[in-house]
Amino acid sequence: MTANKFNRILLKLSGEALMGTGQFGIDPDTVSRMAEEVKAAKDTGLEICLVIGGGNIFRGMAGAAKGMDRAQADYMGMLATVMNALAMQNALEQLGVTTRVQSAIQMDAVCEPVIRRRAERHLEKGRVVIFAAGVGSPYFTTDSGAALRAAEMKCDALFKGTSVDGVYNADPKTDSSATRYETLSFDRVLADNLRVMDASAVALCRDNDIPIVVFSIREQGNLASVLAGSGTSTIVQTERN
Ligand code: UDP
């Protein structure tokens with residue numbers, strides 16, 4: 001199976017995707033399952049850049065809501081994403097997938113700094129590159145980090161793995177009449193404030209014409225199916241008349 005429309009993708013997973021049934025932290029079995037999804041996608045011949053959030057460990061906004069300085073809390077959130085990146089690196093390498101972690105906050109003892117041309121070389125050599133620490137600045141999220149890396153690495157699409165299989169007109173968990181959009185325009189997502197990714201991340205994808213594919217990472221084999229055009233997803237893209 002390699003009828004891929006894409007050569008290179010950025011896959012964004014929220015930190016919660018590593019949590020399993022727990023309420024917090026990293027569940028090694030769940031991380032292994034996610035790594036299997038990534039490996040299956042890679043085995044179709046794709047080049048993969050990976051960005052993982054940190055919400056399973058720490059979110060800056062939550063710290064700020066409890067009285068912490070926002071920037072300080074955001075730096076803690078960025079460090080959480082490095083832990084998740086290392087956990088995913090470990091799980092992928094246990095499956096025989098070679099990887100490199102590049103962090104926007106320099107941490108020489110555990111990973112490389114973000115160097116675009118070096119990341120290019122890793123991808124050429126068939127390695128998965130995991131980008132950690134978002135954009136490296138507070139007041140951003142890993143969604144923005146994902147959009148930024150997708151743009152600079154010239155990815156063909158940004159795949160956002162979530163717990164639902166696309167974007168709905170209402171919350172499908174509470175409203176049985178909610179329907180899923182097959183496609184949406186960037187402008188509609190921004191105008192209607194549809195919760196796909198942060199507005200800054202959506203705007204960056206729009207300005208660089210990078211489609212966002214929202215799909216469920218919870219079902220086994222779904223990423224590979226969506227890549228092959230058979231899975232369920234919502235595609236956010238530029239409207240062409
Ligand atoms: N963060 C940040 N700048 C970035 C990326 C992340 O300050 O460029 C912080 C922010 O506090 C955020 C936390 O890291 O809440 C974890 O990332 P995120 O909330 O995006 O994780 P996810 O929701 O995807 O698990």
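Each ligand, and each atom within it, is numbered from 1 in the order the structure gives. Only a predicted model underlies this, so the values are computations on that prediction, with no experimental measurement involved. All residue numbers refer to positions in the sequence shown, counting from 1.
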Can T232 and F215 be said to form a side-chain contact (heavy atoms from CB on, under 4.5 Å), step by step?
CA-CA 7 Å; T232 312; F215 72 102; over 6 Å; no

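For the pair M61 and T141, the minimum side-chain heavy-atom distance is 4.5 Å or more.
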Could you list, one pair per line, each nitrogen or oxygen of ligand 1 together with any protein nitrogen or oxygen closer than 3.5 Å, giving atom names and the distance rounded to 0.1 Å?
| from | atom 1 | to | atom 2 | distance (Å) |
| --- | --- | --- | --- | --- |
| ligand 1 | 1 (N) | F140 | O | 3.4 |
| ligand 1 | 3 (N) | S137 | O | 2.8 |
| ligand 1 | 3 (N) | F140 | O | 3.2 |
| ligand 1 | 7 (O) | F140 | O | 3.4 |
| ligand 1 | 8 (O) | V135 | N | 2.7 |
| ligand 1 | 11 (O) | G60 | N | 2.8 |
| ligand 1 | 11 (O) | D74 | OD1 | 2.5 |
| ligand 1 | 14 (O) | G77 | O | 3.4 |
| ligand 1 | 14 (O) | M78 | N | 3.4 |
| ligand 1 | 15 (O) | G60 | N | 3.2 |
| ligand 1 | 19 (O) | R59 | NE | 3.3 |
| ligand 1 | 20 (O) | T142 | N | 2.8 |
| ligand 1 | 20 (O) | T142 | OG1 | 2.5 |
| ligand 1 | 21 (O) | G54 | N | 2.9 |
| ligand 1 | 21 (O) | G55 | N | 3.4 |
| ligand 1 | 21 (O) | T142 | OG1 | 3.4 |
| ligand 1 | 23 (O) | R59 | NE | 3.3 |
| ligand 1 | 23 (O) | R59 | NH2 | 2.7 |
| ligand 1 | 24 (O) | K12 | NZ | 2.9 |
| ligand 1 | 24 (O) | T142 | OG1 | 3.1 |
| ligand 1 | 25 (O) | G15 | N | 2.7 |
| ligand 1 | 25 (O) | G54 | N | 3.2 |
| ligand 1 | 25 (O) | G55 | N | 2.8 |

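For CD of Q23, the number of neighbouring non-hydrogen atoms (other residues, nucleotides, ligands) closer than 6.0 Å is 12 at most. Within 6.0 Å of OH in Y168 there are more than 12 heavy atoms belonging to other residues, nucleotides or ligands.
In this structure, M78 and A133 approach most closely via the heavy-atom pair SD-O, 3.6 Å.
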Listing, residues 106-119 side-chain donor-acceptor contacts under 3.5 Å, not counting sequence neighbours, or none:
| from | atom 1 | to | atom 2 | distance (Å) |
| --- | --- | --- | --- | --- |
| E112 | OE1 | Q102 | NE2 | 3.0 |
| E112 | OE1 | H122 | NE2 | 3.0 |
| E112 | OE2 | H122 | NE2 | 3.2 |

